[in-house]
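Here the structure is laid out as structure tokens; the discussion comes afterwards.
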Amino acid sequence: MIGTGKIKQYANVLDKPLGKGKQEVSLSAFAFLFSELVQYNQTQVDNISELETRLEDAGYAVGARVLELLCHRDKGNRRETRLLGILSFVHSTVWKVLFGKVADSLEKGTEHEDEYMISEKELLVNRFISIPKDMGTFHCGAFVAGIVKGVLENAGFPAVVTAHFVPVEGQQRPRTTILIKFAEEVLRREARLG
Amino acid sequence: MAAIYSLYIINKSGGLIFYKDYGSKGRMDTNDSLRVASLWHSMHAISQQLSPTTGCSGIELLEADTFDLHCFQSLTGTKFFVVCEPGTQHMEALLKVVYELYTDYVLKNPFYEMEMPIRCELFDINLTQAVQKDRVVLLGR
């Protein structure tokens, strides 16, 4: 009998190994889903900052789960305790898993000690979205900012994360910057650790 | 030398949702472009009924002395048509490209309401690029 080998039956579904699953999802499918997420939230809120908060909350939930999954899968259950460690984790591993590539750049803010910036030419979630002029400074990247916030806060680095458009000369479309502002206690702890 | 005069997109009910003209020959003011759109919508629908062959899906090409009109209708009834110089090649391919850009940058935009006029920056940018590329190819022949 031709067979590819016996598939091991597990008595308990919790014993089954965590597969890596399908690595790729259709971009169009995600774009439509995200578009509907934004449209749904638009009907529930009265103003733009509430809409951004809602998108951020949605992203927060994703971030918390992504952190758990990646710690188990990619880092062998090791926990990051240093600031630069967690930032490079977000910048490379998280971005690679979520968007298929590492983020364009990670910079330290020049004006304040507690600010760091991850910038991208164009966020994947914004690929097909054109913000109308009357929406002002609204940024659908608030969703991604929420993901970063979820990862950081659940790793023990509370922060305020926001997404901004930064106009670049010579280019029609502005760059996107995710601005991360860490809480006091993070900096104090970091200073103590040396 | 082949040239595109103007591009129109009309929705299911015949309303004009996008109009772009290239060059002075195709230029029309707003009212005229709306009239052309609804006129074409009606003609397209009537031609489906009048056709002697069964299974006709409407006019695809209209050839006149001073212009050609190529039309593409999607499965949902949205019509894309381009008015160009007589004898311009590859307009069907261009219309398919415009359709693809429409599905990408208009339909995936959460701020676009269906059947309303298109006001999407990304759609405009990519459309200009597509037409430019087309022009370069045509000029190079």
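Within every chain, numbering begins at 1; the chains are lettered A, B, ... in the order of the sequence lines, protein sequences first and strands thereafter. Treat the numbers as computed from the prediction; the structure is a model and nothing was measured.
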Task: Electrostatic pair A:R54-A:D57, nearest N-O below 4.0 angstrom - done: no
Open item on the list: Any salt bridge linking A:K121 with A:D104? Criterion: basic side-chain nitrogen under 4.0 Å from a carboxylate oxygen.
Closed with: no
Between [X] and chain B, which part of the residue has a heavy atom less than 4.5 Å away: side chain, backbone, both or neither?
| X | value |
| --- | --- |
| A:R127 | backbone |
| A:Y40 | neither |
| A:E36 | neither |

- [ ] Examine B:K79 relative to B:F72 and say whether NZ or CZ is less than 6.0 Å from the centre of the six-membered ring and inside a 45° cone about the ring axis.
- [x] no
Open item on the list: Could you tell me if A:Q39 and A:S35 have a donor-acceptor pair between their side chains, going purely by distance under 3.5 Å?
Closed with: yes
